Amino acid sequence: MKIGSILVSLFLLTCCGSKPTGIIILCAGDSITEAGYPRYLHRILSREGIRNKVLNRGRSGHNSREYLLFLKRNQAAWTESLPDVVFLQLGTNDVRIDQDQTSADEFYRNMKEIIHLFRGFRTRTGKSPLIFLATIPPIPEGTPFPFDSTSRKRVWEEINPLIEKIAREENLPYVDNFSLFHSSPQLLPEVHPSKEGYQALAQNWYEALKKEGIRAKLLKIP
């Protein structure tokens, strides 16, 4: 789906309808999503005067394989939410060293299928939602089991390069959440961000929206 089409659709929804509903964002991921940033994203959008609905569809402990199954089980219900945008960040649990560990090849296949399923969703105007794909944060040194030094290495050698590759192949907006925490490690004291880290993560997603041209002026309530 072309970015211009979704911008036009959002503009019509917000400016021409008698009861504008703003933007609907579905946040997909693991516990970093479930426990954290969506509520801060809602606050940022509201503060900017953007009417919004942020749906938290994070699933704690899920790797890409488990999340794919979770999505398939809930696909029918989720499609009724009619999201304009999907934020997707997965991969942290794929680098665990217990039974959740996922090979690079399987991770690639799982993410491709997840994206395919989300593309089957429809917005209020019948278009496919715009999907943003993000890299995962680093695994801090000293993070206990089920992570180790191998997990840390896999994040920057395997998982995030694959995420970048998928974004290119699927022509998706790419969000660099790895660099956010790599440059400010105090925001990531363990595998989960601090409160300030979650707030920064929400801001990073919002900046990605702005970068793609989904501006506050299109979404303000008349």
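All of these numbers come straight from a predicted model, not from anything done at the bench. In what follows, every heavy atom counts, from backbone to side chain, and hydrogens, waters and symmetry copies are set aside.
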Counting C-beta onward and ignoring hydrogens, is there a side-chain heavy-atom pair between [X] and [Y] closer than 4.5 Å?
{"X": "T33", "Y": "P38", "value": "yes"}
{"X": "L82", "Y": "T123", "value": "no"}
{"X": "R122", "Y": "T79", "value": "no"}
{"X": "I25", "Y": "L55", "value": "no"}
{"X": "Y37", "Y": "N204", "value": "no"}
{"X": "Y40", "Y": "K195", "value": "yes"}
{"X": "Q203", "Y": "I44", "value": "yes"}
{"X": "V85", "Y": "F132", "value": "yes"}

Do NZ/NE/NH1/NH2 and the carboxylate oxygens of [X] and [Y] come within less than 4.0 Å?
{"X": "R124", "Y": "D84", "answer": "yes"}
{"X": "E169", "Y": "K112", "answer": "yes"}
{"X": "R109", "Y": "E106", "answer": "no"}

With a 3.5 Å distance limit and no angle check, can you tell me whether [X] reaches the backbone of [Y] through a side-chain donor-acceptor pair?
{"X": "Q89", "Y": "I136", "value": "no"}
{"X": "N93", "Y": "H62", "value": "yes"}
{"X": "N52", "Y": "I50", "value": "yes"}
{"X": "N63", "Y": "D100", "value": "yes"}
{"X": "S184", "Y": "F181", "value": "no"}
{"X": "N74", "Y": "A77", "value": "no"}

Hydrophobic cluster (4.5 angstrom, side-chain heavy atoms) - remaining members for F145: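 F145 clusters with I97.
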Sequence-distant partners of E196, salt bridge (Lys or Arg N to Asp or Glu O under 4.0 Å), two or more places apart: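 Checked E196 against salt bridge (Lys or Arg N to Asp or Glu O under 4.0 Å); zero matches.
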Qualifying residues under salt bridge (Lys or Arg N to Asp or Glu O under 4.0 Å), relative to D98, sequence neighbours excluded: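 Partners of D98 under the salt bridge (Lys or Arg N to Asp or Glu O under 4.0 Å) test: R96.
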Nearest heavy-atom neighbours spanning S31 and S60: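 Closest approach of S31 to S60, heavy atoms only: CB-OG, 3.5 Å.
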Whether F118 and W78 hold their rings parallel, tilted or perpendicular, with breakpoints at 30° and 60°: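 Aromatic pair F118/W78 classed parallel.
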Cation-pi, F70 ring and R59 (6.0 angstrom, 45 degrees):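 Ring-cation test returns yes.
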Q186, CD atom: more than 12 neighbouring heavy atoms under 6.0 Å: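 Counting other residues, nucleotides and ligands, CD of Q186 exceeds 12 neighbours.
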